[in-house]
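Note that the coordinates shown come from a computational prediction; the quantities given were computed from them, not determined experimentally. Counting starts at 1 for both ligands and their atoms, in listed order. The analysis underlying the following values was restricted to heavy atoms, covering all of them including side chains, and did not include hydrogens, waters or symmetry mates. For this chain, numbers begin at 1 and follow the sequence in order.
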Amino acid sequence: MRYSKMFAPTLREVPAEAEIASHQLMLRAGLMRKVASGIYTYLPMGWRTMEKIDTIIREEMNRSGAQELLFPIVQPAELWQKSGRWDVYGDELWRVRDRHGRDFCLGPTHEEVITSLISNEVKSYKQLPLMLYQIQNKYRDERRPRFGLMRSREFVMKDCYSFDRDEDGLDVSYHLMYDAYTRIFQRCGLDFRPVEADNGAIGGSSSHEFMVLAESGEAEILYCDSCNYAANVEIAESGTVIAESEEAMGDVEKVLTPNCRTIDDVVSFLHSDVKKSMKALVFMADGIPVLIFIRGDRRLNEISVQNYLGAVTFYMATEEDLVNAGLVQGFIGPVGQKLRVLVDHEIAQGRNFCCGANEKDYHFINVNFGRDFDGEVGKFRLTEAGETCPHCGGTLQKARGIEVGQVFKLGSKYSKSMGATYLDEEGKAQLMEMGCYGIGVGRTMAAAIEQNNDEHGIIWPLSLAPYQIIIVPVSEKSKTQVAAAEKLYGDLLAAGYEVILDDRAERAGVKFKDADLLGIPLRITIGDKSLAKGELEYKLRRSGEAGTISAENPLDAIEDLLNRADAPDHE
Ligand code: ATP
Ligand code: MG
């Protein structure tokens with residue numbers, strides 16, 4: 001590609017709306033442009049990398065026996081009504097209506113469409129197992145689209161679905177996918193970790209998220225420092241034993257706490273210990289208010305509460321919900337409570353807590369579970385770093401991650417609702433066991449940039465770079481330089497490399513800056529001095545290694561350099 005012809009509009013300034021490095025660099029390096037909130041155009045530089053990721057995914061999916069197909073984006077409401085998700089998916093489901101007034105949605109995922117296909121086409125055990133995948137746009141009307149391609153409303157996903165006769169078969173498919181994902185993210189040059197993940201009401205540890213480790217990641221991971229336990233904090237267990245406190249119970253007192261609506265307000269007003277205060281959280285579970293009490297210094301685990309309640313719709317109560325439930329915001333407590341109450345195990349085992357008195361400007365102190373109030377006890381708080389590993393007794397550490405993929409055992413959830421059965425050897429109808437497996441292609445690209453950049457720009461892993469090599473003649477006015485550059489460009493193209501020839505009438509400094517911003521792994525500079533010595537100058541983007549190679553038959557030397565392109569350091 002000749003730079004002069006290339007459509008790669010770069011920006012010198014960091015765009016104000018971009019908060020994280022990958023978003024900034026994708027805009028600055030001209031990989032994409034925004035069309036509307038969470039909706040982007042992929043420009044050639046970005047699209048080339050997207051296609052590289054697609055290719056890696058395809059190769060590994062095909063290798064594991066999955067077959068590619070393509071479903072429509074637009075899906076009829078009837079399929080979603082059949083699975084029961086039309087009503088529960090909520091506002092994220094992008095609903096559209098045709099001219100006849102029929103309801104459709106833009107697919108956020110494809111379980112309904114594929115299960116309906118399979119239930120029509122697959123009748124016998126002889127047709128199983130099956131693994132089918134597609135790479136296609138998905139639509140989710142996210143509440144907060146942000147970080148560019150990381151959380152957008154239209155995004156490219158590889159989604160794969162497996163159909164097996166039984167749980168053993170599903171286990172095999174699941175592991176095939178798990179291993180394929182491991183190879184995919186390794187080939188993308190990512191530092192990642194598979195972690196145990198929530199799988200809703202289905203139970204068991206049969207979902208893993210593939211997390212790219214990055215400070216900007218929206219997910220929090222806990223991992224053990226001595227065994228390989230790693231889990232999304234949403235489901236991370238703790239081996240720390242919470243023993244019942246031996247402290248004597250004090251007498252309940254009602255105290256005036258004017259305008260103390262938050263835990264911090266109360267604790268500083270009463271000069272009390274935050275660990276001895278109760279935080280009240282109110283959620284609407286299938287339309288019914290539920291109160292959850294956890295220690296003031298803890299964070300609620302919404303997922304564990306939702307799974308415990310088995311609630312289909314679940315959200316934090318609004319001010320209106322609180323008023324309707326007769327609750328006094330800021331002063332909610334469990335004593336005398338008529339609504340359903342969940343109590344975190346630390347509160348059930350502890351003593352003498354401070355909590356809201358269900359009356360404006362008042363709190364109770366010395367409140368104790370079992371004596372002063374009751375409720376359903378469970379671990380409703382998040383596990384924190386520093387707690388004991390549930391498997392080996394090691395210590396849990398914290399990291400942040402970007403979820404680039406997820407593998408999930410669905411079991412018979414959709415085969416049941418959509419009627420996907422097969423006849424076994426005895427001619428008996430059996431439900432198929434399903435799995436689903438997703439990778440966000442744009443999010444993977446963003447995650448790769450998040451992990452591979454410096455103050456000058458992107459540092460593409462060789463496998464994802466839109467072009468591997470950029471040739472920079474120092475001056476386009478020098479005939480010898482131009483001739484040498486053209487010759488090298490032609491030779492490299494003929495040898496099958498992806499090459500940019502920077503043939504612009506720009507200063508060398510500008511060209512070098514752009515090459516760094518675009519993150520091209522190998523730069524070959526052609527200048528008069530080195531040419532006179534029969535040499536080409538090179539620089540590896542990642543390690544900064546620079547030097548010269550012979551201008552005579554340089555292809556072997558260039559191949560050697562590319563083999564070192566991903567090496568981190570240069571001695
Ligand atoms: P999240 O929890 O981040 O919203 P999810 O668990 O809902 O994601 P899945 O349904 O598991 O996502 O989708 C599979 C993959 O699709 C995710 O692992 C992620 O890489 C990608 N993905 C999901 N939502 C988005 C989005 N809004 N923008 C970009 N990629 C996304
Ligand atoms: Mg997920």
Tell me which part of [X] gets within contact of ligand 1: side chain, backbone, both or neither, using heavy atoms under 4.0 Å.
X	result
R151	both
K138	neither
E403	both

Report, in ascending order of atom number, the atoms of ligand 1 lying under 4.0 Å from any heavy atom of R140.
-> 5 (P), 7 (O), 9 (P), 10 (O), 12 (O), 13 (O), 23 (C), 24 (N)
Tell me whether the rings of [X] and [Y] are parallel (<30°), tilted (30 to 60°) or perpendicular (>60°).
X	Y	result
Y174	H208	tilted
Y178	H175	tilted
W94	Y139	perpendicular

Tell me which N, O or S atom of E403 sits nearest to the Mg ion (ligand 2).
-> OE2
Examine the side chains of N307 and S304 and answer whether a donor and an acceptor come within less than 3.5 Å of each other.
-> no
Does any donor atom in the side chain of Y422 or D164 lie under 3.5 Å from an acceptor atom in the other side chain?
-> no
Sub-4.0 Å heavy-atom approach of [X] to ligand 1:
X	answer
L149	yes
G405	yes
T109	no
R153	no

Aromatic ring centroids of F380 and Y308 under 6.0 Å?
-> yes
Are any of the side-chain heavy atoms of [X] and [Y] separated by less than 4.5 Å?
X	Y	value
R541	D454	yes
C392	Y229	no
L176	M131	yes

Ignoring hydrogens, just give me the one of V404, V407, I439, T444 whose non-hydrogen atom is nearest atom 20 (O) of ligand 1.
-> V404
If you compare E142, M157, Q406 by their heavy atoms, the one closest to atom 13 (O) of ligand 1 turns out to be M157
Residue, atom and distance of the protein heavy atom nearest atom 30 (N) of ligand 1 read F155 CD1, 3.4 Å
If you scan protein heavy atoms around atom 28 (N) of ligand 1, the nearest is S152 N, 3.0 Å
Does R48 make a cation-pi contact with Y467, if we ask for NZ or CZ under 6.0 Å from the ring centre and within 45° of the axis?
-> yes
Would one find an N or O of G440, backbone or side chain, under 3.5 Å from an N or O of ligand 1?
-> yes
Mind checking whether the Mg ion (ligand 2) has an N, O or S of E209 under 2.8 Å?
-> no
